[in-house]
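Note that this is a predicted model, so its numbers are computed, not measured.
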Amino acid sequence: MNQGRALITGGAGFLGSHLADALLAEGWNVVIVDSLLTGRRSNLAHLENEARLEFLEQDICQPFDVGKVDFVFHFASPASPEDYHAHGIETLQAGSIGTFHALEIARKYNAKYLVASTSECYGDPLEHPQKETYWGHVNPVGPRSVYDEVKRFTEAVTVAYRRYHNVDVRIARIFNTYGPRMQIRDGRVVPNFMRQALTGEDLTIYGDGSQTRSFCYVSDEIDGFLRLARSDEHMPVNIGNPNEFTILQCAQHVLKLTGSASRIRHEALPQDDPKQRRPDITKARELLGWEPKIGLETGLRLSLDYFKNAVAHESTVR
Ligand SMILES: NC(=O)c1ccc[n+]([C@@H]2O[C@H](COP(=O)([O-])OP(=O)(O)OC[C@H]3O[C@@H](n4cnc5c(N)ncnc54)[C@H](O)[C@@H]3O)[C@@H](O)[C@H]2O)c1
């Protein structure tokens, strides 16, 4: 991939900020457009003196133009269940209007394009593990539909821009990713368990904890994005860790790592909570030579200092 100028929408978020680090390390100039709806400037604080980074506070649902770019990475969208429930309409807008705007920039400047899609496109899957060819099992009017359905729409707009306007697109179907810079109160499994374990609260498990998830450490995920960006694959590619754990096993790993005396508390399972989710990554393996390297125990260990600091900071600012 020739280094040039890359736009990252949502670059002040968890994944976007790690992507910015990786692109800068490869020699790119990076412009970030972010409304700070769910992201934070502090995710970019370490890049304060980086001359090759520009930041524009801007809602991508409003028209915008950052000048010539060579690559558009479209990541702007509330992503955690807490966030997309709190900002349902904004989530629908970012994935629809915002996606049109991001694709129009790619079209205008003849830039390559990669969008952050999601395993949520598979809904509560009837096929396991999920291959890219599976069309999904999604409730279009359920509480999660503001996210699931707009991400499916995002994919539809993206392939349409390829078919009708010949934009050079890529679609990453991202499975649960974790690591430093996640918000500690975003409702996702790893930050929830880490925060609860580090503050001595009970770890909350919804249902009996037998539902499974696969967790990918952030550096593996970013490596997958960069490989996909360099490829010529225009249809969706699963990027996630196929090692499957029950939620209960994940809680036990966190308790062991933190040495916490917290206990596990079970609560009712939310509506439409997927019972299992695991990527089939054959396509990424064969096409991109990619597979994750970091297992759950190592990834949790690599994240521990960040979560300790985040919890300490939260308790001092209150
Ligand atoms: N983290 C995961 O496990 C995961 C899994 C699947 C898909 N994804 C996708 O990856 C992308 C990034 O997720 P994340 O985990 O980094 O979430 P995040 O909330 O940390 O980052 C999203 C960023 O987008 C910004 N944003 C939201 N709406 C915007 C708008 N209208 N205009 C400008 N900026 C806006 C937010 O302020 C935030 O900085 C999202 O598209 C998400 O759907 C993430």
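Checked by atom type, the side-chain pair Gln130/His128 shows a donor-acceptor distance below 3.5 Å. Judged by distance alone, the side chains of Glu155 and Ser117 do bring a donor and an acceptor atom under 3.5 Å apart. A donor atom on one side chain and an acceptor atom on the other are found under 3.5 Å apart for Glu244 and Thr212. For the residue pair His165 / Glu104, no side-chain donor-acceptor distance below 3.5 Å is found, with atom types taken as modelled. Side-chain polar atoms of Glu267 and Thr204 form no donor-acceptor pair below 3.5 angstrom. For the residue pair Asn43 / His18, no side-chain donor-acceptor distance below 3.5 Å is found, with atom types taken as modelled.
Put simply, the side chain of His137 never gets that close to the backbone of Leu126: no donor and acceptor are under 3.5 Å apart. Panel note: side chain Arg107, backbone Tyr161; no donor-acceptor pair is recorded below 3.5 Å. Within the 3.5 Å criterion, the main-chain N or O of Gly209 finds a donor-acceptor partner in the side chain of Gln211. Between the side chain of Glu50 and the main chain of Arg52, a donor-acceptor pair closer than 3.5 Å is present. Side chain of Glu26 to backbone of Trp28: no donor-acceptor contact under 3.5 angstrom is found. Proximity of a side-chain donor or acceptor of Ser262 to a complementary backbone N or O of Glu201 within less than 3.5 Å is detected. Using a distance-only test at 3.5 Å, with no hydrogens or angles considered, a donor-acceptor pair links the side chain of Asp220 to the main chain of Lys293.
Between Leu304 and Met194, some side-chain heavy-atom pair lies under the 4.5 Å cut-off. With a 4.5 Å cut-off on side-chain heavy atoms, Phe73 and Leu15 do not count as touching. Residues His101 and Pro63 are in side-chain contact: their nearest non-hydrogen atoms beyond the backbone lie under 4.5 Å apart. Leu24 places none of its side-chain heavy atoms less than 4.5 Å from the side chain of Asn29. Within the 4.5 Å cutoff, side-chain heavy atoms of Ser303 are placed close to those of Pro180. Pro292 has its side chain within reach of Pro242: a pair of non-hydrogen atoms, C-beta onward, lies under 4.5 Å apart.
Closest approach of Ile97 and Cys61 over heavy atoms only: CG2-O, 3.5 Å. Looking at every heavy atom in both residues, Ile222 comes nearest to Ala22 through CG2-CB, 3.6 Å.
Neither Val150 nor Tyr113 shares a network with the other; the hydrophobic side chains, linked directly or stepwise wherever heavy atoms of I, L, V, M, F, W or Y lie under 4.5 Å apart, form separate groups for each.
The pair Asp232-Arg230 does not meet the salt-bridge criterion, since no charged nitrogen lies less than 4.0 angstrom from a carboxylate oxygen. In this structure, Asp280 does not pair ionically with Arg278, as no charged nitrogen and carboxylate oxygen lie closer than 4.0 Å. Between Glu314 and Arg195, no side-chain nitrogen of the basic residue sits less than 4.0 Å from a carboxylate oxygen of the acidic one, so the salt-bridge criterion is not met. Ion pairing between a basic and an acidic side chain is recognised when a charged N comes within 4.0 Å of a carboxylate O; Arg5 and Glu54 show such pairing. Salt-bridge formation is not detected for the pair Glu132/Lys283: no Lys NZ or Arg NE/NH1/NH2 atom is positioned less than 4.0 Å from an Asp or Glu carboxylate oxygen. Asp65 and Lys108 are joined by a salt bridge, as a carboxylate oxygen and a charged side-chain nitrogen come within less than 4.0 angstrom of each other.
Considering Arg144, Arg152, Arg173 as possible partners of Glu120, the one that fulfils the salt bridge (charged side-chain N to carboxylate O under 4.0 Å, His left out) test is Arg144. Here the options are Leu114, Leu228, Val115, the test is side-chain contact (heavy atoms from CB on, under 4.5 Å), and the partner is Ile171; only Val115 passes.
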Tabulate below the donor-acceptor pairs under 3.5 Å that side-chain atoms of residues 74-85 make, not counting sequence neighbours, or state none.
residue, atom, partner, partner atom, Å
His74, ND1, Thr9, OG1, 2.8
His74, NE2, Thr99, OG1, 3.1
Ser80, OG, Asp83, N, 3.2
Ser80, OG, Asp83, OD2, 3.2
Ser80, OG, Asp186, O, 3.1
Asp83, OD2, Gln183, NE2, 3.3
His85, ND1, Pro81, O, 3.0

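More than 12 heavy atoms of other residues, nucleotides or ligands lie within 6.0 Å of CZ in Arg285, so this atom counts as buried by the packing criterion. The environment of Asn110 atom CG is sparse: at most 12 non-hydrogen atoms of other residues, nucleotides or ligands sit within 6.0 angstrom. In Lys68, the NZ atom is crowded: over 12 heavy atoms of neighbouring residues, nucleotides or ligands sit closer than 6.0 Å.
Outside the 6.0 Å centre-distance limit, the rings of His253 and Phe193 are not counted as a close aromatic pair. In summary, the aromatic rings of Tyr217 and Phe215 are positioned with their centroids too far apart to meet the 6.0 Å limit.
Taking CG of Asp34 as the start and CD1 of Ile32 as the end, the distance is 7.5 Å to the nearest 0.5 Å.
Classification of the Tyr122-Tyr134 ring pair by plane angle, with boundaries at 30° and 60°, yields parallel.
Relative to the ring axis of Tyr178, Arg188 does not place its NZ or CZ within 45° and under 6.0 Å from the centre.
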